[in-house]
Amino acid sequence: MEGWDGLREAENLHLKDTKISQDDNDIAYVRCFSTEAGQEVIDHLKAMTLDQPSWFPGEDPSHGFAREGQNSVVREMLRRIERGRNL
């Protein structure tokens, strides 16, 4: 297809491929972290990040931004596990 229709078709194919890839990744997260050892790793990561304060009064604010970056990685892992379980 030419023009805008060709771009829309290409975009739709890319979105479909991305969704399949995302589902595959989510399933891989479930497989990895559904084991006993995987659950221990998730619990450890949560204890080191989500269960800790992101910032303390008197600290440089950039510390809080860095800590929230760490938290976001663990949250993303937990989201992927949950999505993979619901596929």
Side-chain angles (χ1 to χ4, degrees):
M1 297 187 144
E2 293 183 28
W4 292 111
D5 290 333
L7 290 175
R8 287 187 188 103
E9 183 177 332
E11 181 180 11
N12 287 338
L13 289 174
H14 173 70
L15 291 174
K16 182 179 178 185
D17 289 344
T18 301
K19 174 66 174 146
I20 291 169
S21 177
Q22 182 179 15
D23 288 351
D24 290 343
N25 284 331
D26 293 346
I27 290 168
Y29 272 80
V30 171
R31 287 183 184 147
C32 178
F33 293 107
S34 65
T35 66
E36 185 177 330
Q39 187 59 54
E40 287 177 20
V41 169
I42 286 291
D43 291 344
H44 175 74
L45 290 171
K46 286 170 57 177
M48 291 182 57
T49 57
L50 301 177
D51 296 343
Q52 300 296 319
S54 295
W55 179 81
F56 293 99
E59 287 184 343
D60 189 277
S62 64
H63 179 75
F65 296 132
R67 280 284 299 110
E68 276 305 308
Q70 293 171 334
N71 290 348
S72 71
V73 171
V74 177
R75 285 187 191 109
E76 176 67 15
M77 294 169 73
L78 295 172
R79 273 192 296 272
R80 286 182 170 273
I81 292 167
E82 187 63 29
R83 282 194 317 239
R85 287 181 177 149
N86 292 321
L87 289 176

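Excluded from the calculations below are hydrogen atoms, water molecules and symmetry mates; all remaining heavy atoms, backbone and side chain alike, are included.
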Quick one: does any side-chain atom of Gln52 pair with a main-chain N or O of Ala47 as donor and acceptor, under 3.5 Å? yes
May I ask you to decide whether Arg79 forms a salt bridge with Glu82, counting only side-chain N to carboxylate O separations under 4.0 Å? no
Within a reach of under 6.0 Å around CZ of Arg31, are more than 12 heavy atoms found that belong to other residues, nucleotides or ligands? no
Looking only at heavy atoms, which two atoms of Leu50 and Leu78 are closest? And how far apart? CD1-CD1, 3.8 Å
With the 4.5 Å side-chain cut-off for hydrophobic clustering, are Ile27 and Tyr29 part of the same group? no
Distance-minimising heavy-atom pair for Asp26 and Arg80: OD1-NH1, 2.9 Å
Reported CD1-to-OG distance for the pair Ile42 and Ser34, which is rounded to 0.5 angstrom: 11.0 Å
Thr49 versus Val73: any side-chain heavy-atom pair under 4.5 Å? no
Distance col, row Ile81:CD1 vs Arg83:CZ, nearest 0.5 angstrom, shows 11.0 Å
Side chains of Ser54 and Glu68, donor plus acceptor under 3.5 Å: yes
What's the shortest heavy-atom distance between Phe56 and Pro53, and which atoms? CZ-CG, 3.5 Å
With heavy-atom distances below 4.5 Å as the criterion, would you say the side chains of Trp55 and Arg67 are in contact? no
